[in-house]
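For reference, the structure discussed in these notes is given below.
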Amino acid sequence: MAAAAVSDPWPELELAERERRRELLLTGPGLEERVRAAGGRLPPRLFTLPLLHYLEVSGCGSLRAPGPGLAQGLPQLHSLVLRRNALGPGLSPELGPLLALRVLDLSGNALEALPPGQGLGPAEPPGLPQLQSLNLSGNRLRELPADLARCAPRLQSLNLTGNCLDAFPAALFSPGALPLLSELAAADNCLRELSPDIAHLASLKTLDLSNNQLSEIPAELADCPKLKEVNFRGNKLRDKRLEKMVSGCQTKSILEYLRVGGRGCGRGKGRAEGAEKEDGGKKRRERKQRRESGEGEEEATDAARLLLRVLHVSENPSPLTVRVSPEVRDVRPYIVGAVVRGMDLRPGNALKRFLTSQTRLHEDLCGKRTAATIATHDLRALRGPLLYATRPPQDLKIVPLGRKEAKAKELVRQLQLEAEEQRKQKKRQSVSGLHRYLHLLDGKENYPCLMDADGDVISFPPITNSEKTKIKKTTSDLFLEVTSATSLQICKDVMDTLILKMAEMNKYTSENKEEGSLSDTEADAISGQLSDPQVNPGAGKDGQSPLVVEQVRVVDLEGSLKVVYPSKADLAAAPPHVTVLR
C-alpha cells in the first residue's frame with residue numbers, strides 16, 4: 001500500500017475515474033505539497049475526468065493557477081470552487097470557455113486583475129454563458145473586466161466584497177447587460193462613485209455597498225423595480241440626513257427619500273417627477289392593501305388561491321434565532337432559516353408527498369446537494385436559540401434518522417462501507433440514499449452542524465438530520481433550514497421554492513379526501529422518518545387556512561444581523577395564484 005501511495009500522489013483521481021464520479025473535492029494538509037510538486041498547478045490528470053459536474057480545490061496556499069486543459073477536459077462542469085488558495089495576480093490561461101458552468105467561487109485568493117486572456121473567459125461568444133453565481137470576494141482586484149457582462153450574461157449573483165475596487169465598469173450597468181442580476185455585493189472596497197445607470201439592473205433585489213468611499217447615492221437607484229434591500233453603512237455621504245437613514249432606516253424609506261429628490265442624492269430626477277412617482281406608488285400600495293385586507297371578497301373566497309402569511313420578527317413574541325460561529329466560513333458559510341406553521345401532514349400520503357418533494361429539490365435545484373442542502377425539523381422537538389458551528393468529526397455526535405447515536409467520523413465510515421456493499425451487490429458504480437453525498441465531505445477537517453439550546457446536534461449537512469426532530473404525520477409546525485457552500489442567494493431561492501411547494505401541497509391535502517396512509521416502511525425508504533398519526537392541526541372553515549411563515553434571524557455570536565428570512569425581497573416571485581400577506 002505504501003509503495004502504491006508513493007507511485008501515485010493523486011489516489012483521489014484514480015478513485016474518481018474508477019467510480020465515474022461526478023463530484024470531486026481536493027483539500028487537506030497534504031494537498032499543498034502535491035500541488036507544489038506539480039508546479040503550483042492542478043495535475044493534468046484531473047482534466048481527464050470529463051464526467052465531473054462539481055470540482056472543489058480549497059485551502060491550498062501553493063495553488064497559483066488552475067493550469068491548462070481545464071476548459072477542454074471538464075466540459076460538463078456545473079460548479080467550480082477554488083476558494084482560499086493563492087490564485088493570482090491573474091488567471092493564466094483564462095478559465096473559459098466553460099459552457100455548462102453555473103457556480104464559480106474564486107473567493108479568498110490573490111487575484112489583482114482579470115484582463116483578456118488571463119480572466120474568466122472570452123466575451124464573444126460568451127465564455128460562461130450559463131454562469132449564475134460568481135464569488136470574487138476576498139481578493140485584491142483593482143478593477144473588474146470591462147466585458148464581464150458579455151462573458152457571463154446570465155449572472156444572478158455577483159460577490160465582490162473585500163477587494164480594492166474604486167469603480168464599476170460602465171458596461172456592467174448598460175441597458176440589458178445583466179438582465180437577471182438580483183444580488184450585487186461590493187462591501188469593503190474603495191468605491192467612490194455609483195453610476196445612475198445602475199437603474200438598468202431590472203432584476204436587482206439586494207445591493208450591499210457598505211464600507212466604501214461613496215459621497216453620493218444616485219436618485220436613479222430608486223428606479224430599480226425589484227430592489228428590496230440596500231446597505232450603504234460606512235460611507236461618508238454629503239447628505240447627512242441620508243447618512244443617518246442608511247444606518248438605521250429600512251430600505252423602503254431610503255428609496256422613497258431618493259425618489260423625491262432628497263438633498264445631495266446625486267444628479268438625477270427632480271423633486272416634481274419623484275413626487276409623481278411617489279403618488280403613483282402610494283396608489284399602488286393602497287390597492288394592494290385593499291386586496292390583501294379582503295375588501296375584494298371574490299379574491300378572499302377564491303378557492304384556487306394559495307395564502308402565505310409572513311409574521312415579522314417584531315410581531316413575534318418568541319422568534320427563533322440562529323447564531324453562527326465564524327469557523328463555518330471555511331466549511332459551509334451560508335445558512336437561511338424559516339418557521340412554517342399550519343402544515344397538515346396527517347391525511348393519506350401527505351407526508352410522503354412532502355418528503356418526496358424534498359428529494360426532488362435536492363436532485364434538481366440543489367444540484368444533488370452540491371449547491372445547497374435542505375433540512376426540515378419538527379419545531380416542537382427543538383429549543384432555541386440554535387447554533388450553527390463546526391466540530392471535528394471525532395467530536396460531533398448525532399442520532400441520525402433511523403440509526404443509533406454515533407460520532408460523525410464513525411457514521412461516515414459506516415456509510416462508506418454500506419456504499420461499497422451496495423456496489424458489490426448491484427454490480428454497478430452508482431449508490432443510493434445518503435451514500436451519494438459522502439464525497440461532499442472529502443478532505444474536510446471539521447464538519448458543519450446545527451445544534452439546539454440543549455446542545456443536541458439536529459442537523460449534519462449535507463448528510464442527515466437528527467432523529468430528535470424528525471418530521472411525523474402529527475407535525476404541523478416546522479423549522480426549515482437551507483445551507484450552502486457557494487451562495488446565500490441559492491439558499492434563499494431554494495427556501496422560496498420549498499415554501500411555495502408546501503403551500504401547494506397543503507391546499508391539495510385540504511381539497512382531496514384520502515383514505516390511504518404512508519406506512520412506516522415507505523417513509524423510512526424516503527428519509528428515515530416514521531409516521532405517528534394523531535390529531536389534525538386544523539384548517540379554516542373553508543379548509544384553506546393560510547400557512548404562516550415566521551421570520552428567522554441569522555446573527556453572529558455578537559448578535560449582529562447577518563440575514564433575515566423571509567425579507568421583503570424573498571417570496572417576491574410568487575406566481576399569480578399565490579397571495580403573500582406581509
Side-chain angles (χ1 to χ4, degrees), residues 25-27 31-32 35 42 54-66 70 77-91 94-96 98 101-114 118-121 128 131-145 148 151-152 155-165 168 181 183-191 206 208-212 324 326-335 367 370-372 390 440 443-446 448 483-492 556 562-563:
L25 184 148
L26 299 175
T27 188
L31 182 61
E32 285 202 28
V35 169
L42 297 175
Y54 177 93
L55 172 62
E56 177 177 349
V57 184
S58 59
C60 181
S62 59
L63 181 62
R64 300 189 302 273
L70 188 150
L77 204 60
H78 288 183
S79 299
L80 177 59
V81 180
L82 301 175
R83 54 194 173 107
R84 296 186 298 108
N85 298 303
L87 300 178
L91 295 172
E94 63 185 359
L95 282 181
L98 288 166
L101 196 68
R102 292 174 173 80
V103 175
L104 176 58
D105 186 347
L106 299 175
S107 60
N109 283 283
L111 296 170
E112 297 179 9
L114 297 169
Q118 298 183 41
L120 303 178
L128 304 172
L131 191 68
Q132 298 174 7
S133 174
L134 174 59
N135 190 345
L136 294 170
S137 63
N139 280 281
R140 305 169 189 170
L141 290 170
R142 299 184 302 273
E143 61 180 6
L144 287 179
L148 175 60
C151 175
L155 203 58
Q156 298 178 21
S157 175
L158 177 58
N159 190 343
L160 305 168
T161 301
N163 281 282
C164 307
L165 301 171
F168 291 112
L181 189 69
E183 180 182 18
L184 175 58
D188 301 309
N189 278 276
C190 307
L191 295 170
T206 305
D208 185 356
L209 299 182
S210 57
N211 300 322
N212 277 282
V324 175
E327 65 267 17
V328 301
R329 180 177 181 179
D330 297 329
V331 181
R332 196 176 185 86
Y334 305 106
I335 183 170
T370 59
T390 65
L440 298 176
K444 299 289 187 186
E445 296 180 9
N446 292 295
T483 60
S484 172
T486 56
S487 165
L488 178 63
Q489 190 60 45
I490 287 175
C491 291
K492 290 189 168 193
D556 61 23
K562 295 173 71 69
V563 64

(message) Ignoring hydrogens, what is the shortest heavy-atom contact between Ala371 and Ile490? Give both atom names and the distance.
(response) O-CG2, 3.9 Å

(message) Contact between Leu55 and Val81 at the side-chain level, heavy atoms closer than 4.5 Å - yes or no?
(response) no

(request) Decide yes or no for Thr206 and Asp208: does some side-chain heavy atom of the first lie under 4.5 Å from some side-chain heavy atom of the second? (result) no

(request) Could you pull out the closest heavy-atom pair between Asn189 and Leu165, with the gap in Å? (result) OD1-N, 3.1 Å

(message) When you compare the side chain of Leu31 with that of Val57, does any pair of heavy atoms fall below 4.5 Å?
(response) yes

(request) Mind checking the CD-CD spacing from Glu143 to Glu112? Nearest 0.5 Å is all I need. (result) 11.0 Å

(request) Specify the closest pair of heavy atoms between Leu95 and Leu120, including all atoms of both residues, with the distance to one decimal. (result) CB-O, 3.5 Å

(request) Search all heavy atoms of Gly61 against all heavy atoms of Ala86 and return the closest pair with its distance. (result) O-CB, 3.4 Å

(message) Does either side chain, that of Arg83 or that of Ser107, offer a donor lying less than 3.5 Å from an acceptor on the other one?
(response) no

(request) Enter the distance from Asp188:CG to Leu209:CG here, rounded to the nearest 0.5 Å. (result) 11.0 Å

(request) State, to 0.1 Å, how close Asn139 and Leu111 come at their nearest heavy-atom pair, and which atoms those are. (result) OD1-N, 3.1 Å

(message) Under the rule for side-chain contact (heavy atoms from CB on, under 4.5 Å), what residues qualify as partners of Gln489, not counting sequence neighbours?
(response) Ser157, Ser182, Glu183, Ser487, Lys492, Asp493

(message) Quick check: closest heavy atoms across Ala485 and Arg332, and the distance to 0.1 Å?
(response) N-CG, 4.0 Å

(request) For the residue pair Leu114 and Leu141, establish whether any side-chain heavy-atom pair is separated by less than 4.5 Å. (result) yes

(message) Donor-acceptor pair, distance only, cut-off 3.5 Å: does the side chain of Asn85 make one with the backbone of Cys60?
(response) yes

(request) Give, for atom NE2 of His78 and atom CG of Leu98, the distance between the pair rounded to the nearest 0.5 Å. (result) 11.0 Å

(request) State, yes or no, whether a side-chain contact exists between Asn159 and Leu134 at a heavy-atom distance under 4.5 Å. (result) no

(request) Please lay out, stage by stage, how Arg84 and Asp330 fare under the test salt bridge (Lys or Arg N to Asp or Glu O under 4.0 Å). (result) CA-CA 8 Å; Arg84 296 186 298 108; Asp330 297 329; 3.5 Å; yes

(request) Please indicate whether Gln118 has more than 12 foreign heavy atoms, meaning atoms of other residues, nucleotides or ligands, lying under 6.0 Å from its CD. (result) yes

(message) Taking the side chain as everything from C-beta on, heavy atoms only, tell me whether Lys562 gets closer than 4.5 Å to Asp556.
(response) yes

(message) Consider side chain to side chain contact (heavy atoms under 4.5 Å, CB included). Of Val103, Thr486, Asp105, Leu104, which one does Ser79 pass it with?
(response) Val103

(request) Would you give the length of the straight line joining atom CG of Leu148 to atom CZ of Phe168, rounded to the nearest 0.5 angstrom? (result) 11.0 Å

(request) Please examine the side chains of Leu136 and Asn109, heavy atoms only from C-beta on, and report whether any two atoms are closer than 4.5 Å. (result) no

(message) I'd like to check the side-chain contact (heavy atoms from CB on, under 4.5 Å) partners of Ala65; sequence neighbours left out, ordered by chain and number.
(response) Arg41

(message) Once rounded to the nearest 0.5 Å, what's the spacing between atom CD of Glu327 and atom CD of Glu445?
(response) 13.0 Å

(request) Output the distance between atom CD1 (Ile335) and atom CG (Leu488), rounded to the nearest 0.5 Å. (result) 11.0 Å

(request) Could you check if a side-chain atom of Leu106 sits within less than 4.5 angstrom of a side-chain atom of Asn135, using non-hydrogen atoms only? (result) no

